[in-house]
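Step one of this worksheet: look at the structure below.
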Number of protein chains: 2
Amino acid sequence: MEHFDELKKTKIFKDTNEFECQAMMFCLKTRFKTFDKHQHIVSQGEPMDDIILIIKGGAIVENIDSLGNISILMRLKKGDVYGVESAYAGDTVYKDSLVATERTRVLFMNKHRTINPCENRCKKHEMVIKNLMQSMAQTSIQLLDKVSHMSKKTIRDKLMSYFKALEKKSGSAYFEIPFSKTELANYLSVDRSAMSTELTKMKEEGIIDFDKRQFRLIKNQNEIL
Amino acid sequence: MEHFDELKKTKIFKDTNEFECQAMMFCLKTRFKTFDKHQHIVSQGEPMDDIILIIKGGAIVENIDSLGNISILMRLKKGDVYGVESAYAGDTVYKDSLVATERTRVLFMNKHRTINPCENRCKKHEMVIKNLMQSMAQTSIQLLDKVSHMSKKTIRDKLMSYFKALEKKSGSAYFEIPFSKTELANYLSVDRSAMSTELTKMKEEGIIDFDKRQFRLIKNQNEIL
DNA sequence: TAAAAAGTGTTGTTTTTACAACAAAATGGA
DNA sequence: TCCATTTTGTTGTAAAAACAACACTTTTTA
């Protein structure tokens, strides 16, 4: 079956065999499509019929407000899904745009078929739904993390909050940020150049060290945690 | 059955009859408890065994970081649930504190029992799970809204983003904010006094009008939307 | 109902941030 | 490999926000 290897690696289809996976493709009325870098996978305001699964590549979720300001809400990578929340909320249009950040292959899955157990009660459908729930839970948690970083008052505090979370996740003082600096500034909603200045200061003060995307938090010896 | 009237009004048990609801109480190993204003319903770091459903009253979800700064992540009201995401993510401790903002009655539901369909396959359990999903979807959407307001650069833009969302939701230029001004400042992560100043300016400029929690957006006649 | 607590608006000052403009470095294609 | 594009760090300046301190109002509760 086409793309089974990739599907097997996603959150949603991780525990299906080839036959089951194939069956689900019918059940969920799926279709595949590939997008080039910068192409819109879906556009804000467009009628929403599908939940989207990123099979290969990556995309950003961006939102344009009525004044024309663009903000990047999150970044999706291989295996991530978009639109589950909206599908449950009963939205009829996409509330954000999905823009490919590289050559990206996606799977469109009919939203009704996906969130409602099907009439023929196909066994694996329940599993798909459970996986969707885990995916939603993860999204919520990621958003909560983002909110907690953004809530900090100064750029330095925002950075530290973010770094501490990454440090905890990596289990070591050394970690790698999943963003370019430009994207990190966007994620934290701060001015890029101001953030760059702050990072330099922090390095000079010996609080952190970094090179490219590699970072390290330097613990102060009199700091007791 | 005790509290059936209140349970009937919640997201989770909205479509159960008294008998089914009673059965679910056993199935989910629930227990009721009442808290006074300011009391901690659960505390950050405490072992997490239950998902919490607010039956009556309200609470805030607050998080304390390693520097001791408190931030309010969201506010829960009657019918809301807390902890579904964490339960799915497999967390073993509460990551936030839940503090009652008034006299509040809650239902503790065993997290394992709640998120996993039970062995006896009780019919209503599936429905509860579907409702939990809707609840998660809502939470995600609320967080996304919050993020999009917070992403705006100036206090004024944050306020306008928030007001426009409320205006849209209410379907009228008149709407009521669900917060005190102090809480609103906290929600948007801005200084309360700076926000107060900005609100006054906006009123003077004729962009908005407000009294207590009642607000109104005043459309500029040359503004075409 | 009186006292305490919480919420609100105002001000001047200090701190932080955004902004703009630039050069250098890194990256990615053709 | 070379050119175009993107990313990054730096600086000075202007704008915005946080902060602190206060008086006044509203709400809560003992």
Side-chain angles (χ1 to χ4, degrees), chain A residues 36-39 57-58 60 67 69-72 75 99-104 149-161 176-205 208-215, chain B residues 36-39 57-58 60 67 69-72 75 99-104 149-161 176-205 208-215:
Chain A
D36 283 326
K37 184 171 177 173
H38 300 306
Q39 268 195 302
I60 51 167
L67 300 167
N69 304 313
I70 296 176
S71 61
I72 296 178
R75 139 171 268 179
V99 185
T101 52
E102 58 192 290
R103 194 171 169 78
T104 297
H149 307 322
M150 286 175 70
S151 302
K152 300 290 177 287
K153 278 183 281 281
T154 65
I155 293 183
R156 176 175 296 210
D157 287 347
K158 286 175 194 174
L159 286 167
M160 286 305 283
S161 170
E176 187 174 339
I177 61 171
F179 295 116
S180 70
K181 305 253 169 66
T182 304
E183 289 170 322
L184 176 58
N186 198 307
Y187 172 78
L188 296 174
S189 280
V190 297
D191 180 72
R192 182 200 59 77
S193 70
M195 188 189 87
S196 182
T197 307
E198 194 63 40
L199 280 172
T200 307
K201 262 197 235 163
M202 289 164 81
K203 194 192 247 182
E204 280 170 3
E205 293 178 27
I208 59 168
D209 195 17
F210 63 91
D211 180 54
K212 301 271 166 58
R213 292 186 178 194
Q214 298 294 328
F215 280 76
Chain B
D36 284 325
K37 184 169 177 174
H38 299 307
Q39 268 196 303
I60 50 167
L67 300 166
N69 304 314
I70 296 176
S71 61
I72 296 180
R75 138 171 267 178
V99 184
T101 53
E102 58 193 289
R103 194 171 170 78
T104 297
H149 308 320
M150 286 175 70
S151 301
K152 301 290 176 288
K153 278 183 281 282
T154 64
I155 292 183
R156 176 174 295 209
D157 287 346
K158 285 176 194 171
L159 286 168
M160 285 306 283
S161 169
E176 186 174 339
I177 61 172
F179 294 117
S180 69
K181 304 252 168 66
T182 304
E183 288 169 323
L184 177 58
N186 198 307
Y187 173 78
L188 296 174
S189 280
V190 298
D191 180 72
R192 183 200 59 78
S193 69
M195 187 188 89
S196 182
T197 307
E198 194 63 39
L199 280 172
T200 307
K201 262 198 237 164
M202 290 164 81
K203 193 193 250 185
E204 279 169 4
E205 292 177 28
I208 60 167
D209 194 18
F210 63 91
D211 179 53
K212 302 270 165 58
R213 292 186 179 194
Q214 298 295 329
F215 280 75

Check your understanding: Is atom NZ of K153(B) surrounded by more than 12 heavy atoms (other residues, nucleotides or ligands) closer than 6.0 Å?
Key ->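 Open.
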Point to revise | Members of residues 178-186 of chain B that approach DNA chain D, where some heavy atom sits under 4.0 Å away | key: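 Per residue number, the list is empty: none.
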Review point. Do any of residues 188-198 of chain B sit with a heavy atom less than 4.0 Å from DNA chain D, and if so which?
Key: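 Contacts with DNA chain D under 4.0 Å: S189(B), V190(B), D191(B), S193(B), A194(B).
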Practice item. Apply side-chain hydrogen bond (donor to acceptor under 3.5 Å, both in side chains) to T101(A) and list each qualifying residue two or more places apart in sequence or on a separate chain. Key: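 Here no residue qualifies.
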Check your understanding: Mind checking what makes side-chain hydrogen bond (donor to acceptor under 3.5 Å, both in side chains) contact with T182(A), not counting sequence neighbours?
Key ->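 With neighbours one apart ignored, the set is empty.
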What does the list of N/O pairs under 3.5 Å between the protein and nucleotides 23-28 of chain C look like, with a distance for each?
none

Point to revise | side-chain contact (heavy atoms from CB on, under 4.5 Å) partners for R213(A), two or more places apart | key: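 With sequence neighbours excluded, R213(A) shows a side-chain contact (heavy atoms from CB on, under 4.5 Å) to E176(A), I177(A), S180(A), E183(A), given in chain and number order.
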Point to revise | Partners meeting side-chain contact (heavy atoms from CB on, under 4.5 Å) with Q39(A) (sequence neighbours left out) | key: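 Residues passing side-chain contact (heavy atoms from CB on, under 4.5 Å) with Q39(A): F35(A), D36(A).
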Check your understanding: Just checking L199(A): base, sugar-phosphate only, or nothing, at a heavy-atom cut-off of under 4.0 Å?
Key ->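 Nothing, no nucleic acid heavy atom in range.
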Exercise for review: In sequence, state the C-alpha distance, the side-chain angles, and the governing distance for K158(A) and M195(A), and then conclude on side chain to side chain contact (heavy atoms under 4.5 Å, CB included).
Suggested key: CA-CA 10 Å; K158(A) 286 175 194 174; M195(A) 188 189 87; over 6 Å; no
Point to revise | Polar side-chain atom of R75(A) near backbone of F179(A) as donor-acceptor pair, under 3.5 Å | key: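 Such a contact is absent between R75(A) side chain and F179(A) backbone.
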Could you tell me whether the side chain of [Y] reaches within less than 4.5 Å of the side chain of [X], counting heavy atoms only?
X       : Y       : answer
L199(B) : I208(B) : yes
M150(A) : S151(B) : yes
L159(B) : L184(B) : yes

Point to revise | All pairs passing salt bridge (Lys or Arg N to Asp or Glu O under 4.0 Å) where residues 185-194 of chain B contributes a residue, at least two apart | key: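 Non-adjacent pairs meeting salt bridge (Lys or Arg N to Asp or Glu O under 4.0 Å): zero.
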Exercise for review: Check step by step if side chain to side chain contact (heavy atoms under 4.5 Å, CB included) holds for T104(A) and E102(A).
Suggested key: CA-CA 6 Å; T104(A) 297; E102(A) 58 192 290; 3.8 Å; yes
Exercise for review: Using heavy atoms to find the nearest nucleotide of DNA chain D for H38(B) and R156(B) separately, return the residue whose nucleotide is more 5′.
Suggested key: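 Nearest-nucleotide comparison on DNA chain D picks R156(B).
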Exercise for review: Write down the distance between CD (E102(A)) and C1' (dG29(C)), rounded to a whole number of angstrom.
Suggested key: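 Atom CD in E102(A) sits about 15 Å away from atom C1' in dG29(C).
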Review point. Roughly, in whole Å, what's the span from CG in D157(B) to C1' in dC19(C)?
Key: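 Rounding to the nearest Å, CG of D157(B) and C1' of dC19(C) are 15 Å apart.
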Exercise for review: Compute the angle between the rotation axes at the two ends of the helix from dT1(C)-dA30(D) to dA30(C)-dT1(D), each taken over five pairs, rounded to 10 degrees.
Suggested key: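 Computed angle between terminal axes is 70°.
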**Study point:** side chain to side chain donor-acceptor pair (under 3.5 Å) pairs, two or more places apart, involving residues 194-203 of chain A
**Key:**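 Passing the test, one end in residues 194-203 of chain A: R156(A)-E198(A).
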Practice item. For F210(A), check ring-ring contact (aromatic ring centres under 6.0 Å, His included) against everything at least two apart and list the hits. Key: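 By the ring-ring contact (aromatic ring centres under 6.0 Å, His included) rule, F210(A) matches F215(A).
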Check your understanding: What are the 5'-most and 3'-most nucleotides of DNA chain D lying under 4.0 Å from any heavy atom of chain A?
Key ->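 So the contact region on DNA chain D extends dT7(D) to dC19(D).
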